[in-house]
Trainee: 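Submitted below is the structure of interest, expressed as structure tokens.
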Amino acid sequence: MRQSLVVGNWKMNGSIQSNQSLLEALKAGMSTVKNSEVAVCPPFIYLQQVSEILKDTAIGWGGQTLSEQDSGAFTGEVSANMLLDFHSKYVIVGHSERRSLYAESDQLVAEKFAKAQAAGLIPILCVGELLEQREAGETENVVKRQLDAVVNSQGIAALSNSVIAYEPVWAIGTGKTASPAQAQDVHAFIRQQIAAQDVNVAEKVQILYGGSVKANNAAELFAMQDIDGGLIGGASLQAEDFLTICQAG
Ligand code: 13P
């Protein structure tokens, strides 16, 4: 039985004040979350605040991306060790917004994954197809290519210390959730691809669904066999909604 995991990806949202009230409300509500691990990924600048408020709680935290470099003249970048300085547990890599808006290639995502893991962070590797790729019947090819970029460079065993998030790009921020069956199909495909190389890793790895997960659809998504929780954008900014989603895990 895989542990359920629900991660809030705040994206570029928050303020010192709103973070404080959101996190206090999450802390207060965590006693109602029985089955899920929970984490939040705030903008880098708030990691100190988040780490102070959440220390000694069951809620973890992490970054939304990281540099593939260790240190040096890379203006604007944040390294794995800097995330660890603030006791981050997770880091998202290859989010579709990073891939599309910041031109992150499969190769770069694999380098970031490797850097995160070498430092002791748990990478949350995002994969997912565009609407036109789904319509062209390319979903499995796209997801396989994104997964293979990491597996071919890091080896299949690397996935056992990672989390995968299937996020169909057409479902992100659009209010169009993949149906539980659509999501389950792709999750099962991902697990089969991994099982073809290592059955134990396939059984163990958590595969989260992301894309318009809300308080009113989380339970049916998380009930699917190969969906082990969610990566939540907009709904993770509202304490009550996020807690309801966490309770569904
Ligand atoms: P929404 O939940 O806002 O659709 O965002 C999903 C996402 O991109 C999480 O990483």
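The chain is numbered in sequence order, starting from 1. As the structure is a prediction and not an experimental result, all values here were calculated from the model.
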Trainee: Counting N and O atoms only, with roles assigned by atom type, does the side chain of Q117 sit under 3.5 Å from a partner on the main chain of A158, one being a donor and the other an acceptor?
Mentor: yes
Trainee: Are K214 and D241 close enough for a salt bridge, meaning some N to O gap below 4.0 Å?
Mentor: no
Trainee: I'd like to know whether CG of L101 has more than 12 heavy-atom contacts from other residues, nucleotides or ligands below 6.0 angstrom.
Mentor: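 For L101, atom CG is crowded (more than 12 foreign heavy atoms under 6.0 Å).
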Trainee: Taking all non-hydrogen atoms of both residues into account, name the closest pair between N35 and Q3 and its distance.
Mentor: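 Distance-wise, the nearest heavy atoms are O-NE2, 2.9 Å.
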Trainee: Got a donor-acceptor contact below 3.5 angstrom from the S88 side chain to the G62 backbone?
Mentor: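 Answer holds: no.
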Trainee: Look at the rings of H187 and Y209 and say which category their plane angle falls in: under 30° parallel, 30 to 60° tilted, over 60° perpendicular.
Mentor: tilted
Trainee: Look at the side chain of Q184 and the backbone N and O of D226, then say whether any donor-acceptor pair between them is shorter than 3.5 Å.
Mentor: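 Yes, because the side chain of Q184 sits within donor-acceptor range (under 3.5 Å) of the backbone of D226.
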Trainee: For S212, is there any backbone N or O sitting under 3.5 Å from a side-chain donor or acceptor partner on T177?
Mentor: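 It does hold such a pair.
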Trainee: With sequence neighbours left out, which residue pairs that include part of residues 58-72 fulfil the side chain to side chain donor-acceptor pair (under 3.5 Å) condition?
Mentor: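 As it turns out, the side chain to side chain donor-acceptor pair (under 3.5 Å) pairs with a partner in residues 58-72, which skip direct neighbours, are T65-K112, D70-K115.
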Trainee: Check whether Q182 reaches the backbone of S179 with its side chain - one donor and one acceptor, N or O, closer than 3.5 Å.
Mentor: yes
Trainee: For E203, what residues pass the side-chain contact (heavy atoms from CB on, under 4.5 Å) criterion, not counting sequence neighbours?
Mentor: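 side-chain contact (heavy atoms from CB on, under 4.5 Å) list for E203, sorted by chain: R2.
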Trainee: Can you tell me if E240 has over 12 outside heavy atoms packed within less than 6.0 Å of its CD?
Mentor: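 Open: at most 12 neighbouring heavy atoms sit under 6.0 Å from CD of E240.
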Trainee: Backbone N or O of K176 within a donor-acceptor pair of the T174 side chain at under 3.5 Å?
Mentor: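 Flag set: sc T174 to bb K176 pair under 3.5 Å.
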Trainee: Check side-chain hydrogen bond (donor to acceptor under 3.5 Å, both in side chains) between S31 and all other residues, then give those that pass, not counting sequence neighbours.
Mentor: none
Trainee: Does a side-chain N-to-carboxylate-O contact under 4.0 Å join R191 and D228?
Mentor: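 A salt bridge links R191 with D228.
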